[in-house]
Each structure stands twice: as C-alpha cells, then as structure tokens.
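Each ligand, and each atom within it, is numbered from 1 in the order the structure gives. These numbers come from the heavy atoms of this one structure, side chains and all, not from hydrogens, waters or symmetry mates.
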Amino acid sequence: MSNYVYADYAAATPVDPRVIEAMKPYQTDFFGNPSSIHSFGRVTSDAVNNATKTIAKFLNTKEGEIVYTSCGTESNNLAILGVAKANKDRGRHIVTSVIEHPSILNACRALEKDGWEVTYLPVKSDGLIDAKLLENAIKKETVLVTIHLANSEIGVVQDIAKLARISNKKGALFHTDACQAAAYLDLNVKTLGVDLLTINGSKMYGPKGIAVLYVREGISIFPIFYGGSQQKSLRSGTENVPGIVGLAKSCKIATEQQTKDSKRISALRDNLEKELVKLPGVQVNCVDTIRLPNHLSVMLNNSKATNLVEAFDTHGIAVSSGSACSAKTIVESYVLRSIGLTSEQIHKTVRISLGRQTTDTEIKKIAVVAKAI
Ligand SMILES: *Cc1c(COP(=O)(O)O)cnc(C)c1O
C-alpha cells in the first residue's frame with residue numbers, strides 16, 4: 001500500500017502509534033478486571049481513572065460525567081433512547097435534522113414506532129440548520145434536541161452553541177454527535193453549551209471499539225443495557241481498559257496538535273480545491289459554509305468514469321462517494337439530496353477527506369487523477 005493514497009479519513013483514521021504504545025501494557029501485563037478489589041484490579045481501575053481525567057479535561061467536564069461505550073452508534077443510542085425513557089412522562093417529542101448519522105435517525109425511527117413524535121428539521125442548500133426553524137419546532141413536550149456538530153459527508157459545521165442555547169431556553173435537553181469533529185474542533189462542552197455529547201476513537205486516531213457519551217451531571221437518563229452495574233449502572237459491562245487508555249491518549253494528542261493540524265490540513269484542502277475548480281464543470285458542495293478543515297465534497301464533471309470511487313481506486317487513491325451500490329440498486333446519499341443536489345449531481349460527487357498523514361505530494365496526485373478519469 002506504499003504508493004496508495006488514503007483520502008477517506010472521515011470513514012476511519014489510522015491509530016496513532018503513540019496510542020498503540022499507551023495501550024500495549026493493558027493488552028498484556030495489566031489485564032485485571034477494574035471491578036476486582038485485588039491489586040490486578042487496582043492497576044486497571046487506576047488506569048481507567050487517569051484516562052477519565054484526561055478525557056474530562058479534553059471535553060471540560062467532570063470525571064463523573066464521562067460514560068464509556070463501544071462505539072459512536074452506541075453513545076448516540078444511549079443518548080436518545082436513554083433520555084427518552086427517563087423523560088417519557090414529561091413529553092414524547094424529539095427534534096433532530098434530516099442529515100444526521102443513521103445511528104441518530106434510526107434510533108429516532110424506533111421511538112416513532114413506540115408512539116413518539118420526531119421532527120426532522122431540513123437543512124438549507126448551504127448544509128446549515130435554520131435556528132428559527134428549530135426554535136419553532138420545540139414545544140413543551142420536547143424532551144431532547146439532537147443535532148450533530150459536523151457532517152461526515154459534506155463536512156458542514158453547525159453553530160451548536162446557538163442551537164443548544166435555543167433548545168435549553170425552551171426547556172429541551174441538547175445532544176450533539178461530535179464524532180467527525182474531535183480531531184479538529186474545540187469540544188469544550190461549556191462553550192458548546194450541550195447536555196450530552198458523543199465522540200468515538202475510530203474517527204480521532206484512537207482505537208476502534210471505544211467511545212464516550214458525555215452526560216451532564218443531574219440530567220435524567222436511563223440505561224439501555226442491564227448488567228453488573230458498572231459506570232453507575234448507566235452502562236453495564238466490564239470496561240474496555242486498553243480502549244479507554246488509548247482513547248485518552250488520542251484526546252491528549254488532539255489537544256496538543258488540533259490547532260496545528262487544522263492549519264496544515266486545511267491549507268492542503270484549499271490547494272486541492274483550487275486545483276479541482278480549475279477543471280470545467282467542477283463544483284464544491286457547501287463551499288461558502290464553515291466546513292471541517294480536512295473535508296472536501298466535490299462534484300466532478302467526468303464523462304468517462306461511471307463509478308468515481310472505483311476509478312480513483314484504480315489509480316491508487318481511496319475516496320468515498322455520494323452513492324453506494326448495494327446488490328442491485330443504487331442508494332443515493334440522503335445528505336446530498338437534502339442540500340438540493342439532483343441524482344446526476346449526487347453521482348458526480350466524491351468526498352475527499354484528508355488527515356494527519358496527508359502530504360502535498362498526495363494532494364498533487366489526487367488532482368492529477370481527478371483530471372484524468
Ligand atoms: C462514524 C460516525 C458515527 C458512528 O460511529 P461508530 O463508532 O461507527 O458507531 C456516528 N456519527 C458520526 C457523525 C460518525 O461519523
């Protein structure tokens with residue numbers, strides 16, 4: 001894979017070697033169950049406590065407000081189903097947006113089957129949610145608003161502080177899915193003003209199989225798993241100690257290099273964008289909106305390639321597309337559809353997402369291949 005260019009960091013990030021180093025002892029020597037009261041357990045429960053300190057600092061939370069889960073999907077489900085269960089007597093209405101990750105949308109659809117009402121807010125062609133629409137959608141039965149910080153397909157960053165303020169003012173709790181943002185944006189929950197927040201290791205150079213749900217102290221939430229009462233019974237199951245240690249390391253690294261990374265990577269993105277728009281008929285999606293620094297969603301104008309991801313792959317470049325072919329049908333991206341793209345435009349769209357390992361040479365190669373296919 002040495003000459004292969006990876007430009008799909010929004011789908012998965014490689015694990016930082018420093019993260020692997022930090023995890024190693026907990027894969028081998030320190031294997032004890034953190035709930036055990038002997039010294040094998042003490043070593044790992046201390047490791048979990050230290051990791052929690054680091055993550056709490058990264059998010060500016062108290063340590064008791066951090067809940068570990070197995071993935072972003074689980075954190076999002078716990079936020080939605082857990083808050084819904086605990087607050088069902090207060091009201092049965094949730095507000096979200098049409099461009100959320102399936103782990104949000106499908107959890108909401110499951111609640112609809114149980115008699116809940118869900119409002120799916122549209123987005124404008126710039127990918128942003130209209131704050132006024134949100135304000136009007138919240139009623140006294142609304143227990144939760146869940147809107148993601150940054151979108152994985154178009155990279156658009158929502159004004160979460162504003163949306164959270166509006167929601168809280170009208171009496172609803174606010175959750176944000178920040179999975180795409182953790183490596184680049186400030187996730188201080190006080191500045192964001194959120195009550196719940198999701199991050200996962202696999203999108204921030206951390207380990208797979210570990211994620212966090214921040215749950216503000218004092219809010220009502222019920223578990224969705226039942227078991228041995230770990231994590232104050234909110235998420236039973238033996239803690240994934242190596243995963244937790246690794247996630248803490250990736251948070252620490254993000255704190256240290258977020259600003260520098262964002263600057264370097266957005267410069268590479270801007271250069272690539274400049275090269276691509278020189279080609280006839282090429283258009284960048286949501287170009288005037290605040291986007292993630294590593295993200296580029298672009299409509300190419302290729303007549304030759306029928307499948308852009310395959311065409312790039314043939315030339316040794318991994319990107320992602322606006323449509324996925326399942327067995328027989330072509331599933332078009334609901335996100336691209338929501339910003340007003342036609343089928344034809346969706347099929348011409350590729351997502352190029354850059355990361356810490358992306359180089360200037362790679363950017364040049366992507367531009368050359370985009371021209372050739
Ligand atoms: C990847 C992702 C998820 C799901 O995370 P998993 O760890 O794969 O379950 C949720 N939301 C967003 C925005 C994501 O990018």
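- With respect to atom 14 (C) of ligand 1, the closest heavy atom belonging to the protein is Lys203 NZ, 3.0 Å.
- For the 3.5 Å distance criterion, the side chains of Asn168 and Asp195 qualify, holding a donor opposite an acceptor.
- When each atom of ligand 1 is checked for a heavy atom of Thr73 under 4.0 Å away, the hits are 4 (C), 5 (O), 6 (P), 9 (O).
- Asp360 has a carboxylate O that lies under 4.0 Å from a charged side-chain N of Lys364, or vice versa, which qualifies the two as a salt bridge.
- The main-chain N or O of Val335 is found under 3.5 Å from a side-chain atom of Ser333 such that the two form a donor-acceptor pair.
- Neither the backbone nor the side chain of Glu74 has any atom closer than 4.0 Å to an atom of ligand 1 (non-hydrogen atoms only).
- For ligand 1 and Gln180, the ligand atoms under 4.0 Å from any heavy atom of the residue are 13 (C), 15 (O).
- Results of the side chain to side chain donor-acceptor pair (under 3.5 Å) test with Gln257 over Asp261, Thr259, Thr255 single out Asp261 as the only residue that passes.
- Side-chain contact of Asp126 with Thr289: a donor-acceptor pair under 3.5 Å is absent, judged by distance alone.
- The closest approach between a heavy atom of His148 and any atom of ligand 1 is not below 4.0 Å.
- Considering backbone and side-chain N/O atoms, Ala10 never comes within less than 3.5 Å of an N/O atom of ligand 1.
- A salt bridge links Glu135 with Lys132: at least one charged nitrogen is closer than 4.0 Å to a carboxylate oxygen.
- Among all protein heavy atoms, the one lying closest to atom 12 (C) of ligand 1 is Asp177 OD2, 3.3 Å.
- A donor and an acceptor atom, one from each side chain of Thr52 and Tyr68, are located under 3.5 Å apart.
- Nearest to atom 5 (O) of ligand 1 among the protein's heavy atoms is Asn200 ND2, 3.0 Å.
- At the shortest separation from atom 3 (C) of ligand 1 among protein heavy atoms lies His101 NE2, 3.3 Å.
- Here Cys71 has heavy atoms under 4.0 Å from ligand 1 in both its backbone and its side chain.
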